Amino acid sequence: MSPLASRPALLAIAVCALAYAASLTVLLRMPGASAVEPLFLLGVLGIAFPALALLLTRRPAPVTRGLTQPPRTLWTVLLYLAVFAVLVLGWGFSALKEAVPNAPAQSIAELAVKLVVMVALPLLLFVRSSRQPRRFTATRLWWVLLAMGAAFLAFQAVFGRGLVTLRELAPSATTLAWAIPACLAWQTLEAGLAEEVLFRRVLQQRLADALRSPLAGILWASLLFGLAHAPGLYLRGAHQMEGVAEATVPWAIAYSVVMIAPAGIVFGVLWARTRSLTLVVLLHGLVDLLPQLAPFIRTWA
């Protein structure tokens, strides 16, 4: 049976499509809203980049066993994710910023919290074995890393705000020489390792194993990846960066589904096809390099 024809996959496609359509409708009701940016983001991160990932990872070696514990523990993972989203992403980081107001101590404290609650605890509680079936040679994975990395950097350079912010900051060549590799290393840990372990290695793989559908695992994990950011959007003032005067629960949920969830699809495809945590962690760090480079320099320079 085609992966697209399985019942779990069809259900995931239907629910995710309805969630996206409803969320986009909510966003379009905001003053001055436009569908151009959301649909462009979906087209690039949700369709074009996953298609490129599929092309680069065609003919993978078959994998016959799962990577996580039995399906009966799926609900414990979902419960952990819900508690994490509300208590850590919602209130926890706000409380941490008040307790540690000065940089770079605040950044170090946030990284420490992420490594504990998004890496150490999920691996300890939910991963049966650290051994992963190898699907591609190291050489093949390097080619995937280079090709996808170049695509991500080009996308951020042309359509992102990172280079504009960097030009406004006008750092010296000496500063850039140490800041670029340092920021890449930092983002690989803070964003790449933390998010990919929790959302791909644990959540997506658990969903795929339980539903016996890699496609369903990708779609459900991407939707939950977006929704997990909703408490933070609502409680931590992120709406101001998006030009929204007042954050509401419907706006936070809609924004997380439309603007954040599509990014989970491309990383989900890469994880499902390669089972290489190193690959998705490095690529995630690379994606966040340009957007975070100027803030990183302000914090550490």
Side-chain angles (χ1 to χ4, degrees), residues 36-37 40-41 43-45 48-49 52-53 56 93 96-97 100-115 118-119 138-197 200 229 232-233 236-243 259-260 262-264 266-267 270 274 276-301:
V36 174
E37 183 180 359
F40 174 75
L41 195 66
V44 174
L45 297 181
F49 279 11
L52 176 60
L56 293 170
F93 283 136
L96 186 147
K97 288 181 178 180
V100 188
N102 298 321
Q106 184 183 100
S107 298
I108 296 173
E110 288 182 349
L111 175 61
V113 170
K114 287 184 177 182
L115 292 179
M118 300 178 73
V119 179
T139 302
R140 179 79 177 275
L141 289 176
W142 273 110
W143 280 111
V144 176
L145 175 64
L146 291 174
M148 291 301 304
F152 282 133
L153 284 176
F155 174 75
Q156 290 287 13
V158 175
F159 300 105
R161 303 170 185 170
L163 288 182
V164 175
T165 308
L166 193 63
R167 282 195 294 268
E168 294 173 352
L169 184 62
S172 66
T174 302
T175 298
L176 289 174
W178 67 262
I180 291 174
C183 182
L184 179 59
W186 185 271
Q187 293 304 318
T188 299
L189 284 176
E190 184 188 38
L193 184 63
E195 295 190 8
E196 295 308 314
V197 166
R200 248 63 65 183
H229 290 77
L233 289 170
R236 298 211 309 270
H239 60 284
Q240 297 174 357
M241 299 176 60
E242 303 302 328
M259 304 300 289
I260 299 176
V266 59
F267 288 109
L270 286 166
T274 67
S276 173
L277 185 61
T278 301
L279 174 68
V280 292
V281 165
L282 290 175
L283 281 173
H284 198 134
L286 199 61
V287 167
D288 286 352
L289 173 61
L290 289 181
Q292 296 301 323
L293 184 55
F296 182 85
I297 293 174
R298 292 192 187 98
T299 299
W300 293 94

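These figures come from a predicted structure and were not determined experimentally. The analysis underlying the following values was restricted to heavy atoms, covering all of them including side chains, and did not include hydrogens, waters or symmetry mates.
- Counting heavy atoms from C-beta on, the side chains of Arg161 and Pro291 never come closer than 4.5 Å.
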Listing, residues 278-289 side-chain donor-acceptor contacts under 3.5 Å, not counting sequence neighbours, or none:
residue	atom	partner	partner atom	Å
His284	ND1	Glu196	OE2	2.6
His284	NE2	Glu195	OE1	3.4

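- Screening residues 289-301 for side chain to side chain donor-acceptor pair (under 3.5 Å), with sequence neighbours left out, gives no hits.
- Residues satisfying the ring pair (Phe, Tyr, Trp, His ring centres under 6.0 Å) test with Phe159, not counting sequence neighbours, are Phe40, Phe155.
- Considering NZ of Lys97 and CD of Glu110, their distance stands at 5.0 Å, rounded to 0.5 Å.
- Applying the side-chain contact (heavy atoms from CB on, under 4.5 Å) criterion to Ala157, with sequence neighbours excluded, gives Leu163, Leu290.
- Under the side chain to side chain donor-acceptor pair (under 3.5 Å) criterion, Thr174 pairs with no residue, sequence neighbours left out.
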Query raised in the report: Are Leu193 and Leu115 close enough, and set up right, to give a side-chain contact (heavy atoms from CB on, under 4.5 Å), and what steps lead you there?
Result: CA-CA 8 Å; Leu193 184 63; Leu115 292 179; 4.1 Å; yes
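- Arg140 contributes a side-chain N or O that, together with a main-chain N or O of Leu56, makes up a donor-acceptor pair within less than 3.5 Å.
- Scanning all heavy atoms of the two residues, the minimum distance from Val119 to Ala194 falls at CG2-CA, 3.7 Å.
- Looking only at side-chain heavy atoms (C-beta outward), Ser107 and Phe296 stay at 4.5 Å or farther from each other.
- The side-chain contact (heavy atoms from CB on, under 4.5 Å) check on Ala301 picks up Trp178, Ile297, with sequence neighbours excluded.
- Pairs of residues two or more places apart, or lying in two chains, that qualify as salt bridge (Lys or Arg N to Asp or Glu O under 4.0 Å) and include a residue from residues 168-192 are Lys114-Glu190.
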Query - Test log, rule ring pair (Phe, Tyr, Trp, His ring centres under 6.0 Å), inputs Phe152 and Phe267 - result: CA-CA 12 Å; Phe152 282 133; Phe267 288 109; 5.7 Å; yes
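- Residue Ala294 comes nearest to Leu169 through the heavy atom pair O-CD2, 3.8 Å, listed as atom of the first residue, atom of the second, then distance.
- One distance of note links CG of Leu145 with CG of Leu270; it measures 10.0 Å at 0.5 Å rounding.
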